[in-house]
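Here's the structure we're looking at; comments come further down.
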Amino acid sequence: MEDSSDVVLYLQAILKYEYRMEVAGNGSIGLEKALEIIPDIILSDIMMPVMDGIELLEKVKNDIRTSHIPVVMLTAKADIDSRLAGLKEELMPTWPSLSMKENCISS
């Protein structure tokens with residue numbers, strides 16, 4: 001799921017020979033496709049219109065049909081504060097072990 005056509009073209013160029021890809025311009029369409037196709041992996045931008053990547057991640061991980069699918073989040077936010085905020089507030093609660101969460105953040 002990616003709303004930038006340039007990023008979509010780049011990902012298609014490097015992945016098209018190894019993977020069959022489906023593209024969605026926002027998280028809402030992406031979620032519909034994920035529920036229909038049940039992909040092996042999901043690549044998703046964090047900042048998208050309609051439904052952002054964090055909301056998409058929450059819905060994917062809380063649905064029994066898709067909870068097993070690995071999700072790779074893409075973002076233009078590269079500063080350490082944004083990365084830690086995402087780990088602490090949104091992404092880590094989907095991990096099963098609190099001790100794992102504490103170990104990853106403190107490292």
Side-chain angles (χ1 to χ4, degrees):
M1 291 103 198
E2 175 60 59
D3 61 328
S4 167
S5 59
D6 290 339
V7 175
V8 169
L9 290 174
Y10 174 72
L11 291 171
Q12 287 176 326
I14 61 174
L15 300 173
K16 69 182 174 184
Y17 297 110
E18 300 294 326
Y19 300 96
R20 185 176 66 91
M21 296 176 59
E22 291 286 331
V23 177
N26 66 60
S28 181
I29 294 170
L31 181 61
E32 288 176 18
K33 286 188 174 195
L35 292 171
E36 178 184 327
I37 297 167
I38 310 297
D40 293 327
I41 190 168
I42 294 172
L43 303 178
S44 177
D45 190 2
I46 290 180
M47 297 181 294
M48 294 182 293
V50 184
M51 179 190 302
D52 67 28
I54 300 299
E55 185 179 353
L56 169 77
L57 176 67
E58 181 180 317
K59 290 180 184 293
V60 165
K61 291 302 175 183
N62 287 315
D63 189 308
I64 190 71
R65 298 168 290 178
T66 55
S67 62
H68 67 283
I69 301 171
V71 179
V72 176
M73 304 300 287
L74 308 172
T75 184
K77 289 186 166 189
D79 64 283
I80 193 68
D81 290 337
S82 294
R83 292 168 67 186
L84 286 174
L87 288 173
K88 287 179 183 176
E89 300 301 325
E90 302 294 345
L91 304 180
M92 291 302 232
T94 64
W95 288 19
S97 167
L98 180 59
S99 62
M100 181 187 292
K101 176 181 173 180
E102 291 167 351
N103 288 336
C104 289
I105 292 174
S106 64
S107 298

Validation: residues 43-51 side-chain donor-acceptor distances under 3.5 Å, sequence neighbours left out:
unit_1	atom_1	unit_2	atom_2	d
Asp45	OD1	Met47	N	3.3

Let me check something: do [X] and [Y] share a hydrophobic cluster, defined by ILVMFWY side-chain heavy atoms less than 4.5 Å apart, either directly or through other members?
X     : Y     : answer
Ile14 : Leu9  : no
Val8  : Val72 : no
Tyr19 : Val23 : no
Ile29 : Ile37 : no
Val60 : Met73 : yes

Legend entry - Ion pair Glu22/Arg20, N-O distance below 4.0 Å: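 Result for this pair is yes, salt bridge flagged.
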Legend entry - With Val71, the side-chain contact (heavy atoms from CB on, under 4.5 Å) member among Ile42, Leu56, Thr66: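 It is Ile42, the one option of Ile42, Leu56, Thr66 that forms the side-chain contact (heavy atoms from CB on, under 4.5 Å) with Val71.
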Inset, instruction - Grab the two heavy atoms, one from Ile38 and one from Arg65, that are nearest each other, plus how far apart they are. - result: CD1-O, 3.7 Å
Legend entry - Shortest non-hydrogen contact from Pro39 toward Ala34: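 Smallest interatomic distance, heavy atoms only, reads CD-O, 3.5 Å.
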Legend entry - Ile69 backbone acceptor or donor facing Lys61 side chain under 3.5 Å: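 The answer is yes, because a donor-acceptor pair under 3.5 Å joins these two groups.
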Legend entry - Under 3.5 Å donor-acceptor, Lys59 side chain and Leu31 backbone: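 Here the side-chain-to-backbone pair does not exist.
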Legend entry - Atom CG of Asp40 with >12 non-hydrogen neighbours under 6.0 angstrom: no
